[in-house]
Amino acid sequence: MNAFEQHESSVRSYCRSFPVVFQQARGAELITRDGQRYIDFLAGAGTLNYGHNHPLLKQALLDYIESDGLTHGLDMYSAAKESFLETFHRLILKPRGMADYLMQFTGPTGTNAVEAALKLARKVTGRSNVISFTNGFHGCSIGALAATGNQHHRGAAGTGLSDVSRMPYANYFGDQVNTIAMIDKLLDDPSSGIDKPAAVIVEVVQGEGGLNVASAEWMRKLERLCRKHDMLLIVDDIQAGCGRTGSFFSFEKMGIQPDLITLSKSLSGYGLPFAMLLLRKQLDQWQPGEHNGTFRGNNHAFVTAAAALEHFWQDDSFAASVRAKGQRIAERMQRIVRRHGPDSLQLKGRGMMLGIGCPDGDIAAAICRHAFAHGLVIETSGAHSEVVKCLCPLVISDEQIDKAMDILDAAFAAVLSAQTATQAS
Ligand SMILES: *Cc1c(COP(=O)(O)O)cnc(C)c1O
């Protein structure tokens, strides 16, 4: 029995799919203690958009530590925070017509940014109910968990998960059903049993929920619905944001203006814990310290996040490269679908947030196991864990993409031909 099995709680999860000891990581590559190399298509579930240990970000952090820059300072003014605030405003908010959004640093996990968003929406509107969507994932602390769909996570709450009305996500009933009209009718009907909501919380691409995609049209209708019924629009961009879909925010160019936006995962750029809530100025009705926390704003993350913004987000060239690489991966995935299951497999997602929907979770798990045995770390998502999900670093090279897609192709071939053989016998 190893130290992990002996001493670590059985709540551990990802390690069960990849039972090796990783020691080093660079770019899109993970290296074990024994020197075995893997291409990383999990990338911290979307936390490592700029890869592992990016040399420029590492240097910025080393310089900061070397100069005895503040590591912890509660939420006091620090030079590192000042520099992040100015950089994020200049390179992200201002060029996108979002200059009037304020930044709130919450506790360093995604779920805490979601808690802050829900809390603020309820405080500002004086209402408790919130609309969230089927297959949505927003975190595992109680408030965010109430908005999360996944039964496995919800089941562990041990307490009531209340004040959320679940509604069908875009295309939940297929292309032909307009789920916005459905929600509109429920909200118009004083006897529908849906209490008037404070807000709607939504992912533009559902990361954990199986890479379901909301169209720009659906998002615009959702925003109109929010305005009509006086609900705040919260976009949870924790996984789909920071460039993953081919633009900094997942909703860019959709013509919407969310009231609240949550960011975390890749925001630090370096895999450091860091979360932020963006809020429209008029919603900033917090009393000082009302949403508190010891680790609000991680100074090391301020440093690496600002360095990442300076390096990757001066213009559109990085986002364009993400779109091109996404195209390359999508084409290879489309070929896998055509080759191994034109009727049973399905390409899902957007940008570099892509995956292949399989007939069931057992098949998807077998494909991931086969891929891991051949040097690719890749995981599943979806209601039945049936989507083989590609979340590789956005800085991955074309050669690494091609190599990973070869491994994936072989895994689909091996698992699905074994499947066909079993069915035939
Ligand atoms: C990961 C994730 C969260 C929760 O973030 P944690 O840091 O795990 O608490 C919330 N929303 C979305 C969309 C996520 O992908």
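First listed ligand is number 1; within each ligand, the first listed atom is number 1. Residue numbers count from 1 along this sequence.
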Heavy-atom count check: over 12 atoms from other residues, nucleotides or ligands less than 6.0 Å from R16 CZ?
yes

Report the relative orientation of the aromatic rings in F248 and W313; use parallel for angles under 30°, tilted for 30 to 60°, perpendicular for over 60°.
perpendicular

Does any N/O atom on E208 come nearer than 3.5 Å to any N/O atom on ligand 1?
no

Heavy atoms only: give me the nearest A121-L260 pair and the separation to one decimal.
CB-CD1, 4.3 Å

May I ask you to identify the nearest protein heavy atom to atom 5 (O) of ligand 1, giving residue, atom name and distance to one decimal place in Å?
G110 CA, 3.3 Å

Please indicate whether K123 has more than 12 foreign heavy atoms, meaning atoms of other residues, nucleotides or ligands, lying under 6.0 Å from its NZ.
yes

Counting both backbone and side chain atoms, is some N or O of Q239 under 3.5 Å from an N or O of ligand 1?
yes

Quick check: G139 and ligand 1, any N/O pair under 3.5 Å apart?
no

Out of all atoms in ligand 1, which are within 4.0 Å of some heavy atom of E203? Include the element for each.
13 (C)

Got a sec: does the NZ of K196 have more than 12 other heavy atoms crowding it under 6.0 Å?
yes

Below 3.5 angstrom, do we get any N/O pair linking K265 and ligand 1?
yes

Ligand-side contact atoms (ligand 1) for residue partner T111, heavy atom cut-off under 4.0 Å:
4 (C), 5 (O), 6 (P), 9 (O)

Residue, atom name and distance, where the atom is the protein heavy atom closest to atom 11 (N) of ligand 1:
D236 OD2, 2.7 Å

Within the protein, is there a heavy atom lying under 4.0 Å from atom 9 (O) of ligand 1?
yes

Check ligand 1 against T109 and write out every atom of the ligand that is under 4.0 Å from a heavy-atom position of the residue.
7 (O), 9 (O)

Report the C-alpha distance between D75 and R296 in whole Å, list the side-chain angles of each, state the deciding distance to 0.1 Å, and finish with yes or no for salt bridge (Lys or Arg N to Asp or Glu O under 4.0 Å).
CA-CA 6 Å; D75 70 347; R296 280 174 302 142; 3.1 Å; yes

